[in-house]
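Accompanying notes for the structure given below.
Proteins get letters first, then strands, A, B, ... in listed order; numbering begins at 1 in each.
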Amino acid sequence: MNSMQRTLTALSHREPDRVPLFLLTTEQGARETGCSIREYYARAENVIEGQTRLLKKYRSDCLYGFYYAAIETEAWGAETLFSEDAPPLCGAPVIQRHEDIDRIEAPDIAGAAGLQRVLASIRGLKERVGDAVPIIGVAISPFSLPVMQMGFDRYLDLIYEDPARFQRLMAVNLEFSVAWANAQLAAGATAICYFDPVSSPTTIPPALYRKTGQDVARRALARIQGPSATHMASGRALAILDDLIATGTAAVGVSALEDLAALKAAAAGRISLLGNLNGIEMRRWTPEQAEQQVRRAIAKAARGGGFLLSDNHGEIPLAVPEDVLLAIVEARERWGRYPLDWMEDWEDVP
Amino acid sequence: MNPLTQPFQDALENLDRVTVEAVFQEGLTRQSPIAAVEEVVVPALERMGEGWSAGRLALSQIYMAGRLCEELVERVLPPSDPDRKHQPRSAIVVLSDYHMLGKRIVYSVLRASGFELFDYGRMDVEELVARVREDRVRVLLISVLMLPSALKVREVCRRLRASGPPVKVAVGGAPFLFDDQLWREVEADAMGRRAADAIALLEGWMGELS
């Protein structure tokens, strides 16, 4: 099986040849190509080359078209702040006061230089791998984008205290997010990772999610012209799993804070799980610890397919050493082959 | 436990402002403002923090509760009130990254508990160390969201240790929740899992540093 076949089989809740591994690397491509982070993201060709080298090095089952979250807010006029050792960050919010929402309009994807570079990267990756390897594009949900657009605290104030402006912002953001997701699919992305951490019960109560983030997700995902995985970016998901399924998403990115076995039982073949290796703790794993974590995740969630091994945040920190990533890859090779007979005699050691 | 704590907590969790106000006012008829804060507000916020850690409550509930309590307490214990706790001299800051929510929550919870502290907003290492020395701060609370920012805490701690009176450093934020060894690795003195942990830390250090 190639990576695409492996992934599609798993997402169909059938067992492929081995557990798909989605090692979601980003700035690591800068290291591979000898660029600074800023230089790396300045040219689509760098990201094409970086992702290609990472694919060869780690034998992951996907290519990641994601640059950094703030590339979306650049389209809205925000500045991005670059440093040498961290992901690029969004600068000052573009929405300074609630009243700014009355005049805001969705920017045109065609006029956003950063987004156009992402599309060029996706096209270039598609030329290199064809249909053999899934290419994952990322779109931040209309419901989570305001964290960067206006700051998290002011956004929560908006949700709770200014419902009319909240709805207006969602309508505007919906147009942008759908257009952005569909542009990536048209460029060659296989699926969209719909980043929606604000929807997580870690961030807002489930009852509020059902009135806000879920409604937005239903509307967005109905218009996105390809499959999606909803990612909670380290946030919990179990309490809203049924609600996530109702949005039509095919998979959910799940947190190291929750038990994979409980998530698998609750998923009951209705949604696939993506996760949940702890990307922060990973930095200090020995190869033996990495292997144990991989075995544990596979034991808890891989039976019957419906599981893609990945980190729990949707992006592996640059600080994670290469030998830990290679240990994860080797562990998947050793323990991730179906039918996973080793599980019959295996006992987890905490 | 004060009989008003549970109804106060329940009303906070439901963002029922009317009931929150009513219960707090009831508390003020029974005891002094500072006692109402210490026996009703603080335990309610601490228990809500435990609820968040356990996954029962959401961050937005903690944020809105902290904001509401800060407003309530400010009315009866303004900054100039002698019952306000100005010691130890404390400051809170977001180091390096730009995610302010965690700091905002901790700041609200501490002020709602009667503490006064500097809010440094967002700073990088050099500016932060200089400002701590200039303000004669003895307790520094550092909030981060990103792992690279968490790793910079070590530089802050080493530079503060290199000269000047001792400064206690407590850290909090997502990287520390996902790696419970990280706070030791970056040489902080403590970490908080919940906003309300800062209350116990400041109270503990108040005695040690006085």
Item to complete: Please look at A/Ser83 and chain B and tell me whether the side chain, the backbone, both or neither of the residue comes under 4.5 angstrom of a heavy atom of that chain.
Response: neither
Item to complete: Identify which part of A/Glu84 has an atom lying under 4.5 Å from any heavy atom of chain B, answering side chain, backbone, both or neither.
Response: neither
Fill in: A/Leu81, part contacting chain B, at a heavy-atom distance under 4.5 Å
side chain
Response to the item:
Distance col, row A/Leu208:CG vs B/Leu15:CG, nearest 0.5 angstrom, shows 9.5 Å
Discussion item. Is it the case that atom CD in B/Glu126 sees more than 12 heavy atoms from other parts of the structure closer than 6.0 Å?
Written reply: no
Item to complete: Among A/Ala319, A/Ser234, A/Ala239, single out the residue with the greatest number of heavy-atom pairs under 4.5 Å to chain B.
Response: A/Ser234
Worksheet item: Given a strict heavy-atom distance threshold of 4.5 Å, which part of B/Arg67 is in contact with chain A: side chain, backbone, both, or neither?
Response: side chain
Item to complete: Go through the steps to decide whether B/Leu151 and A/Asp85 satisfy the test side-chain contact (heavy atoms from CB on, under 4.5 Å), and finish with yes or no.
Response: CA-CA 10 Å; B/Leu151 295 173; A/Asp85 56 359; over 6 Å; no
Practice prompt. Determine, step by step, whether A/Ile280 and B/Phe176 satisfy the side-chain contact (heavy atoms from CB on, under 4.5 Å) criterion, reporting the C-alpha distance in whole Å, the side-chain angles of both residues, the deciding distance to 0.1 Å, and the verdict.
Written response: CA-CA 9 Å; A/Ile280 302 292; B/Phe176 299 105; over 6 Å; no
Practice prompt. Tell me, for A/Ile204 versus chain B, whether the close heavy atoms (under 4.5 Å) come from the side chain, the backbone, both or neither.
Written response: both
Discussion item. Are there over 12 heavy-atom neighbours, none belonging to B/Arg136, within less than 6.0 Å of that residue's CZ?
Written reply: no
Practice prompt. Go through the atoms of A/Pro205 and report whether side chain, backbone, both or neither lie under 4.5 Å from a heavy atom of chain B.
Written response: both
Worksheet item: Between B/Met146, B/His99, B/Met64, B/Arg104, which has the largest tally of heavy atom pairs under 4.5 Å with chain A?
Response: B/Met64
Discussion item. Donor-acceptor check, side chain of A/Thr203 to backbone of B/Leu59, threshold 3.5 angstrom: yes or no?
Written reply: no
Discussion item. Which atoms of B/Leu177 are under 4.5 Å from chain A, going by heavy atoms: the side chain, the backbone, both sets, or neither?
Written reply: neither
Worksheet item: Does the side chain of B/Pro148 reach to within under 4.5 Å of the side chain of A/Pro87, using non-hydrogen atoms?
Response: yes
Worksheet item: Considering only heavy atoms, which portion of B/Lys152 lies under 4.5 Å from any heavy atom of chain A: side chain, backbone, both, or neither?
Response: side chain
Discussion item. Looking at A/Asp153 and B/Met100, would you say the former's side chain and the latter's main chain have a donor-acceptor pair under 3.5 Å?
Written reply: no
